[in-house]
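Since the structure comes first, as structure tokens, the remarks are kept for the end.
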There are 2 protein chains.
Amino acid sequence: MSGKSAALVRSPDASPWEAPIVSRRVADDVVDRLVTAFALGLYVPGQQLPPERELAGMLGVSRTSIREALRQLGEDGYLEVRRGRTGGTFVRSDWGPRSAEHVRRQLVARWDEFEAIFDARTLIEPLIARTAAERRTEEDLGPIRAALQDYLDAPDHDASRRADARLHLAIAQATHNRILVETSVDLRTRIGLNLGAEPYTDEVRRMAIRQHQDLVAAVAEGRAEDASRIAAVHFTLSETLMRGLAERAGGAP
Amino acid sequence: MSGKSAALVRSPDASPWEAPIVSRRVADDVVDRLVTAFALGLYVPGQQLPPERELAGMLGVSRTSIREALRQLGEDGYLEVRRGRTGGTFVRSDWGPRSAEHVRRQLVARWDEFEAIFDARTLIEPLIARTAAERRTEEDLGPIRAALQDYLDAPDHDASRRADARLHLAIAQATHNRILVETSVDLRTRIGLNLGAEPYTDEVRRMAIRQHQDLVAAVAEGRAEDASRIAAVHFTLSETLMRGLAERAGGAP
DNA sequence: ATAATTGGTTCATGGATCAGACCATAGACC
DNA sequence: GGTCTATGGTCTGATCCATGAACCAATTAT
């Protein structure tokens, strides 16, 4: 079967089925779960994670594996542990690749991945927004508006990121399609994995607030084309910001 | 952390992060790879798989794991083995759920999954077609046209399915985005996993031929909107066929 | 007949994972 | 101040998974 046709496997190769299989360890899955939770804003910096024994029970794995996962996350600077009676594992407030050098290396190493993710996102998120506008029910609007309000009220960057994640998640869920929700979460998580945080300035925040308001209004009123267009602009802004960050960090080719 | 807000987790729930982690075995990954290869038409019924030792080398796993995977696929009736010098493992010509009863059970069990997959497909594939029409280069057109020709020349159902898979893969690759390619392949594979084969009649084939020709023309000429529209119709047809099959099998609710 | 190619089987080894026990720390609580 | 308790830190033995290698069995090319 090495005679796979050259026509079939081309440059953006779809993971050729003969690629080596890497056996994933349980701890790696735990790491992915936790990073996803962080990216979704389920844990904010400073917040305490459940005790290791409880995490083990929740995820159905041994404490050994939980500890290995926490060790990895700790190495990357995502976590901080305190011992003693009120101790525990806490999310660091400056999590993610910390030094500029670290950012640069991350970006260079994963630049291709990066391009693909952002590209896919600016294509798929408008589709999600359009579909949400077409399908949203009254019950969908509650979580969406709540997340928007939280976003407007967010006192700091972290709260803002968290509300942003919840808002886009709620919109994705308004499509009533599990696969679209998963895709959206997956893209967001991959970006979180690669970077940690988007750049953030007051001007950016003002633009994002306006876009979020417009997007929610379009979805609520069922203006599908508007929702699609606004989402396209919104995620293009996000992409531009990240590219700027990458170029300032010297990571862009 | 059980206090996750009710607003955040709703009916099409995006795999709650606390769900138990299932440790995947290597053999299961091998099974997935092989089924994907089948769904992509890389192996046609009657064709011989590489020897176990060679598969082990290709996938970077032990022969033990390969054998376990082949055992599973054999149990499900996908494979047939012959011993001796010219022996080997062969793809069965009637693979997939074989009896109508089997189909019905499959459909009932996975009906929700099913709905979501088809729904996502009719949303995402037009996006892929549109993007392919916008971005395709001259080099992309070769594989696309070759696959279309193979589809037109296909002497039987199996060859037709194989060419169909290659055609849509080639179009997805013309988007030059790895994630879109993966998504398309993933959706196709999931459908293959759930069903094995689509219904197939001469009339369906005539319609599909026309749609494929139109789709390729639209992509080749860069008519993005046309490509999107044609893809929407095409995959809606596919969905309708499957629903019909499901209802005749008594599986639809 | 013999050699070659393939699947079928067995075994020893190392690593991953688990369950459980126990230790160490530091703050709560009396 | 002393004790209790909730937490992280460490260790051990058992079990299961995956590997690599050797060898057996069947079948056919030569």
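- Bounding nucleotides for the chain B contact on DNA chain D, 5' to 3', at a heavy-atom distance below 4.0 Å, are D:dC17 to D:dA29.
- With a heavy-atom cut-off of 4.0 Å to chain A, the contacted part of DNA chain C has its first and last nucleotide at C:dA16 to C:dA28.
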Exercise. Which is it for B:Leu148 and B:Ile144 under the side-chain contact (heavy atoms from CB on, under 4.5 Å) test, yes or no, and what are the steps along the way?
Worked result: CA-CA 6 Å; B:Leu148 175 61; B:Ile144 292 177; 5.6 Å; no

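- Looking only at distances, a side-chain donor or acceptor of B:Thr36 sits under 3.5 Å from a matching main-chain atom of B:Asp32.
- A residue-by-residue look at A:Ser23 and A:Arg85 shows that A:Arg85 has its nearest nucleotide of DNA chain D further toward the 5' end.
- Nucleic acid contact class of B:Gly87 (heavy atoms, under 4.0 Å, all strands): sugar-phosphate only.
- With sequence neighbours excluded, the residues forming a side-chain contact (heavy atoms from CB on, under 4.5 Å) with B:Thr89 are B:Leu49, B:Leu70, B:Leu79, B:Val81, listed by chain and number.
- Taking the six-membered ring where the residue is Trp, B:Tyr78 and B:Phe38 present parallel rings, their angle staying beneath 30° rather than reaching 60°.
- Checked against A:Ser184 for a side-chain hydrogen bond (donor to acceptor under 3.5 Å, both in side chains), the options A:Glu125, A:Gln173, A:Arg121, A:His168 give a single hit: A:Glu125.
- A:Thr89 comes within 4.0 angstrom of the backbone, heavy atoms only, and of no base.
- Considering only residues two or more places apart in sequence or on other chains, B:Glu52 meets the salt bridge (charged side-chain N to carboxylate O under 4.0 Å, His left out) condition with B:Arg63, B:Arg67.
- For the helix from C:dA1-D:dT30 to C:dC30-D:dG1, the axis fitted to the five pairs at one end and the axis fitted to the five pairs at the other end meet at an angle of 10° (nearest 10 degrees).
- Map B:Thr64 and A:Val26 each onto its nearest nucleotide of DNA chain C; the residue landing nearer the 5' end is B:Thr64.
- Within the 4.0 angstrom heavy-atom criterion, only backbone atoms of the sugar-phosphate kind lie near B:Ser65; the bases stay farther away.
- A 4.5 Å side-chain heavy-atom check between B:Gln48 and B:Thr86 finds every atom pair outside the cut-off.
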For this session: Begin with the C-alpha distance, continue with both residues' side-chain angles, and end with the deciding distance and a verdict on salt bridge (charged side-chain N to carboxylate O under 4.0 Å, His left out) for B:Glu113 and B:Arg190.
Result: CA-CA 9 Å; B:Glu113 169 90 356; B:Arg190 290 213 226 181; 3.3 Å; yes

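- In this structure, A:Arg205 satisfies the cation-pi test against A:Tyr151, with its NZ or CZ atom closer than 6.0 Å to the six-membered ring centre and inside 45 degrees of the ring normal.
- Listed by chain and number, the residues in a side-chain contact (heavy atoms from CB on, under 4.5 Å) with A:Asp119 are A:Thr122, A:Leu123, B:Arg135, B:Asn177 (sequence neighbours excluded).
- The structure places CE of A:Met58 at 10.0 Å from CD1 of B:Ile21, a figure rounded to the nearest 0.5 Å.
- In this structure, A:Arg25 reaches the sugar-phosphate backbone alone: every heavy-atom distance under 4.0 Å involves primed, P, OP1 or OP2 atoms, never a base.
- Nucleic acid contact class of B:Thr86 (heavy atoms, under 4.0 Å, all strands): sugar-phosphate only.
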